[in-house]
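Since the structure comes first, as structure tokens, the remarks are kept for the end.
Count residues from 1 along the sequence.
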Amino acid sequence: MADRTIQGGDGIRTFPFPVELSVGGVGMQVGPMGTGRTWHADAPLERVHRIDFHVVMLFAEGPVRHMVDFTEHEATAGDLLWIRPGQVHRFSRTSEYRGTVLTMQPGFLPRATVEATGLYRYDLPPLLRPDPAGLAGLRAALEHLRREYEDTATLPLSLHTAVLRHSLTAFLLRLAHLAASSPESVRRQSDSTFTLFRDAVERDFATNHSVSAYADALGYSRRTLVRAVRAATGETPKAFIDKRVVLEAKRLLAHTDLPIGRVGAAVGFPDAANFSKFFHQHTDQTPAAFRAELR
């Protein structure tokens, strides 16, 4: 890998897509999983890290345990794991990864395709379990994409890239349908009130932790919001907000050297003591202990 990283505005060190290793320098890669893969010399995969590109893994064997945004997922043969840009994740030291991995650089596909395939639907589950017919279609589409990716002799580079984009779109449309039709997604999408609340929390969680403030901004009563969020997630709106705040705090603690007080301020706690108390209540760890565990 080339020795380069990106420093985000929030101080998180992000490992970029290794375009220089792609066949023909295109904005995607597809091939077998194997030992020794890494995005960057300083990013051992068994440590928590963050990337700025999409990763889709189709497993041929299992079980494999893989952490995404501090939640452990267990995949087996025929399962897929879809990790989106900005999500933190970690490969298991004890699992053997076998199957096919696809990586894709943001911007490789046109905007219309990005919207149609839900590439940035962070509310969708990362672990997907297709039925036999769906798995057969995904495997065929991914194998076709792999053959096109490796065939650099038949077409000029511009046409080769265009064919790759079309083949990748076909695969991602199948994948997006699977993700959107998962039981968890269907349950959450059934209520537009929850969808509006979810989007508002994603936008404002660093400055707004108040359920009443979200209800007022969205034009709902507090009771209506509580009912909608509980139906979609099984949680209260306050628990949903707190979970998003804790996730961001974990990301900052894991990926930056910001002082604890500044991490707290970044997620809406000007007082470091209040932040530490909040974090401990939700994780049973102090912020310092959580950071030390990952270093």
Side-chain angles (χ1 to χ4, degrees), residues 5-16 38-40 42-53 55 65-74 81 83-95 120 122-123 125-127 197-214 229 233-295:
T5 60
I6 296 173
Q7 193 77 14
D10 56 5
I12 296 178
R13 189 181 183 203
T14 301
F15 298 103
T38 186
W39 322 123
H40 188 280
D42 295 333
L45 299 189
E46 68 275 8
R47 294 188 59 186
V48 175
H49 62 284
R50 195 175 191 174
I51 51 180
D52 74 349
F53 51 94
V55 175
R65 293 189 63 82
H66 195 101
M67 184 274 281
V68 181
D69 275 343
F70 304 101
T71 298
E72 291 285 344
H73 299 274
E74 184 169 284
L81 198 64
I83 305 165
R84 290 169 169 81
Q87 290 186 304
V88 298
H89 69 124
R90 176 179 60 204
F91 285 72
S92 169
R93 290 184 173 91
T94 57
S95 300
Y120 295 94
Y122 288 90
D123 59 303
L127 181 62
F197 171 71
R198 179 201 65 208
D199 292 346
V201 171
E202 186 61 32
R203 184 181 62 248
D204 299 330
F205 70 87
T207 56
N208 183 8
H209 302 169
S210 167
V211 175
S212 296
Y214 282 107
V229 175
T233 68
E235 301 175 328
T236 65
K238 181 58 175 171
F240 186 89
I241 296 165
D242 288 350
K243 182 181 291 185
R244 183 63 183 90
V245 173
V246 168
L247 172 59
E248 193 67 16
K250 285 181 174 180
R251 286 175 171 176
L252 292 169
L253 290 166
H255 290 283
T256 76
D257 293 320
L258 289 173
I260 301 299
R262 288 187 60 189
V263 172
V267 294
F269 289 88
D271 183 82
N274 286 339
F275 168 64
S276 294
K277 181 180 179 181
F278 168 85
F279 191 88
H280 188 271
Q281 286 176 338
H282 289 275
T283 67
D284 290 326
Q285 289 182 296
T286 65
F290 175 81
R291 171 175 277 170
E293 189 176 88
L294 297 175
R295 296 298 172 92

Would you confirm whether [X], through its side chain, and [Y], through its main-chain N or O, come within 3.5 Å as a donor-acceptor pair?
| X | Y | value |
| --- | --- | --- |
| H209 | V267 | yes |
| Y122 | R84 | no |
| R65 | E74 | no |
| T207 | D204 | yes |

Would you indicate whether the side-chain heavy atoms of [Y] and [X] approach each other to under 4.5 Å?
| X | Y | value |
| --- | --- | --- |
| R262 | T256 | no |
| Y214 | P237 | no |
| F269 | S276 | no |
| F15 | R50 | no |
| F278 | V245 | yes |
| T283 | K250 | yes |
| D242 | Q281 | no |
| K243 | F205 | no |

_NE2 on H282 to NZ on K277, rounded to 0.5 Å_ = 11.0 Å
*When rounded to the nearest 0.5 angstrom, what is the spacing between CG in L252 and CG in D257?*
11.5 Å
*Is it true that R244 and E248 make a salt bridge, defined as a side-chain N closer than 4.0 Å to a carboxylate O?*
yes
*Is the closest basic N to carboxylate O distance between R251 and D69 below 4.0 Å?*
yes
On a heavy-atom basis, which atom in [X] and which in [Y] lie closest, and how many Å separate them?
| X | Y | answer |
| --- | --- | --- |
| P270 | G268 | CD-O, 3.5 Å |
| P287 | F275 | CG-CE2, 3.7 Å |
| F70 | L247 | CD1-CD1, 3.6 Å |
| I241 | N208 | CG2-O, 4.1 Å |
| I260 | R291 | CD1-NH1, 4.1 Å |

*Is the count of non-hydrogen atoms from other residues, nucleotides or ligands lying under 6.0 Å from K238 atom NZ greater than 12?*
yes
*Ring-ring centroid check F240 F197, cutoff 6.0 Å*: yes
*Assess whether side chain to side chain contact (heavy atoms under 4.5 Å, CB included) is satisfied between L253 and F279, documenting all intermediate values.*
CA-CA 11 Å; L253 290 166; F279 191 88; 3.8 Å; yes
*Which of parallel (below 30°), tilted (30 to 60°) and perpendicular (above 60°) describes H49 and H89?*
tilted
